[in-house]
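Reviewing the structure listed below.
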Amino acid sequence: MNVCRFLLPLLLVILTGCGTLTRGLLSPPEVTAEAREVLDRLSARNQSLNTFKGTGAFVLVQPRGRQSARAAWIGKPPDQLRIGVLNLAGQPALSLATDGTYFYAMNHTDGELRKIRTGDPSLRRIIEIPVRARTVIHLLSGRIPIQPYTGARIIPGEDGPVLLTVNRWGETRQRIYLDQNRTEVRKIEMYGMGGGLLYSVERDDIRTTGEYRLPFSIAISDPTTRFTLDIDRYWADTPVSPAAFVLNAPPEAEGSEG
């Protein structure tokens, strides 16, 4: 038997992959009792809210300029949403929708419809921030988006406690900034693979609508772009048809679907 034939590959793995082996052997981070209590409370926020509608105004500030418009939307957690960006006459100029299976985008000026199969589309191409539709649905319904995590603990922050969640290798997944009573969320930071910051969310002007606590001002930003939505009207638990989350091109424009 050629011993070198078997030892050489093993030696190469040890020399070049020891970091990977070590990471795999580490004990996964734990969820502390106080973090679990906060996570359970946040996860239960507005869970009975079934559907919502709203209107408001947004401002999108990017390196190439500033855009603003009014918008109207309807949603049904966890994965159905329709947004209409309105023109000066109050009619939709651009519609975006997701029904949990497909993402639709329609330009009402020329009737062009784009349709992509995806259950949780990213809005990066629209607002240049990598926020996903389900996160937006969480925010508009007053819920707190929680990314998958392995460990969690409460750490001190400058203005209050911070809920820190991490993956199994200890890389940051989220930082959720709480008030002193740990009941309201002021800010959320979302992190990607490797622990790099993707974007942050600020919730403000919290109001009680019926039995729900809802933010009437939401800002999503990364280092170069900021999207701010100020809500002026909100309806909770209103009837919504599943067909509302499916966009169809006008008959003369059906050939342009992609």
From [atom1] ([X]) to [atom2] ([Y]), nearest 0.5 Å:
X	Y	atom1	atom2	value
Y234	T55	OH	OG1	12.0 Å
L96	I126	CG	CD1	4.5 Å
E112	L94	CD	CG	10.5 Å
L178	R41	CG	CZ	8.5 Å
I144	I176	CD1	CD1	7.0 Å
I146	Q174	CD1	CD	5.0 Å

What are the two closest heavy atoms between [X] and [Y], and how far apart are they?
X	Y	value
P130	D222	CD-OD2, 4.5 Å
Q180	G160	NE2-CA, 3.6 Å
V61	V59	CG2-CG1, 3.9 Å
I137	P77	CG2-CA, 3.8 Å
A69	V85	CB-CG1, 4.0 Å
D110	N107	OD1-O, 3.3 Å

Is the backbone N or O of [Y] less than 3.5 Å from a side-chain atom of [X], with the two atoms forming a donor-acceptor pair by type?
X	Y	value
T51	T238	yes
E37	A33	no
R203	V185	yes
R82	T98	no
R143	Q47	yes

In residues 190-202, what donor-acceptor pairs under 3.5 Å come from side-chain atoms, sequence neighbours left out?
{"residue": "Y191", "atom": "OH", "partner": "E189", "partner atom": "OE1", "Å": "2.7"}
{"residue": "S200", "atom": "OG", "partner": "S221", "partner atom": "OG", "Å": "3.3"}
{"residue": "E202", "atom": "OE2", "partner": "R226", "partner atom": "NH1", "Å": "3.0"}
{"residue": "E202", "atom": "OE2", "partner": "R226", "partner atom": "NH2", "Å": "3.4"}

Side-chain donor-acceptor pair under 3.5 Å between [X] and [Y], yes or no?
X	Y	answer
S217	D230	yes
S141	N46	no
E171	N167	yes

Legend entry - Contacts of T208 that satisfy side chain to side chain donor-acceptor pair (under 3.5 Å) - sequence neighbours left out: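 T208 satisfies side chain to side chain donor-acceptor pair (under 3.5 Å) with R213 once adjacent residues are dropped.
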
Legend entry - Hydrophobic cluster of Y177, others only, ordered by chain and residue number, side-chain cut-off 4.5 Å: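 Noted: Y177 shares its cluster with I155, V162, L164, V166.
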
Legend entry - Linked hydrophobic residues, V240 as query - side chain contacts closer than 4.5 Å: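 Hydrophobic cluster check, V240: joined to I74, F245.
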
Inset, instruction - Could you state whether L42 and I218 fall into the same hydrophobic cluster, counting links through intermediate Ile, Leu, Val, Met, Phe, Trp or Tyr residues with side-chain heavy atoms under 4.5 angstrom apart? - result: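 In one cluster with L42: I218, yes.
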
Legend entry - Cluster check V31, I154: I/L/V/M/F/W/Y, side chain < 4.5 angstrom: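 As far as the 4.5 Å side-chain criterion goes, I154 and V31 are connected within one cluster.
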
Legend entry - From CA spacing to verdict: side chain to side chain contact (heavy atoms under 4.5 Å, CB included), L214, L140: CA-CA 8 Å; L214 298 160; L140 291 175; over 6 Å; no

Would you indicate whether the side-chain heavy atoms of [Y] and [X] approach each other to under 4.5 Å?
X	Y	value
P145	R134	no
L113	L247	yes
R132	D120	yes
N50	K76	yes
Y212	S48	yes
L60	S68	no
M106	R114	no
R186	D204	no

Legend entry - Enclosure of R45 CZ (heavy-atom neighbours >12, cutoff 6.0 Å):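 More than 12 heavy atoms, drawn from other residues, nucleotides or ligands, come within 6.0 Å of this atom.
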
Inset, instruction - Count the heavy atoms belonging to other residues, nucleotides or ligands that lie under 6.0 Å from CD of E184, then report whether that count exceeds 12. - result: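 Result for CD/E184: enclosed.
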
Inset, instruction - Return each pair, listed once, that meets ring-ring contact (aromatic ring centres under 6.0 Å, His included) where at least one residue sits in residues 33-70; pairs must be two or more places apart or across chains. - result: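 Matches after skipping sequence neighbours: F58-F227.
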
Legend entry - Inter- and intrachain pairs under ring-ring contact (aromatic ring centres under 6.0 Å, His included), touching residues 80-114, at least two apart: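 Sorted pair list comes back empty.
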
Is [Y] paired with [X] through a side-chain N to carboxylate O contact shorter than 4.0 Å?
X	Y	value
D159	K187	no
E128	R124	no
R182	E34	yes

Legend entry - side chain to side chain contact (heavy atoms under 4.5 Å, CB included) between Y149 and L39, intermediate numbers included: CA-CA 11 Å; Y149 63 90; L39 282 164; 3.3 Å; yes

Inset, instruction - Decide yes or no on side chain to side chain contact (heavy atoms under 4.5 Å, CB included) for L49 and D237, but give the supporting numbers first. - result: CA-CA 6 Å; L49 191 154; D237 294 324; 4.2 Å; yes

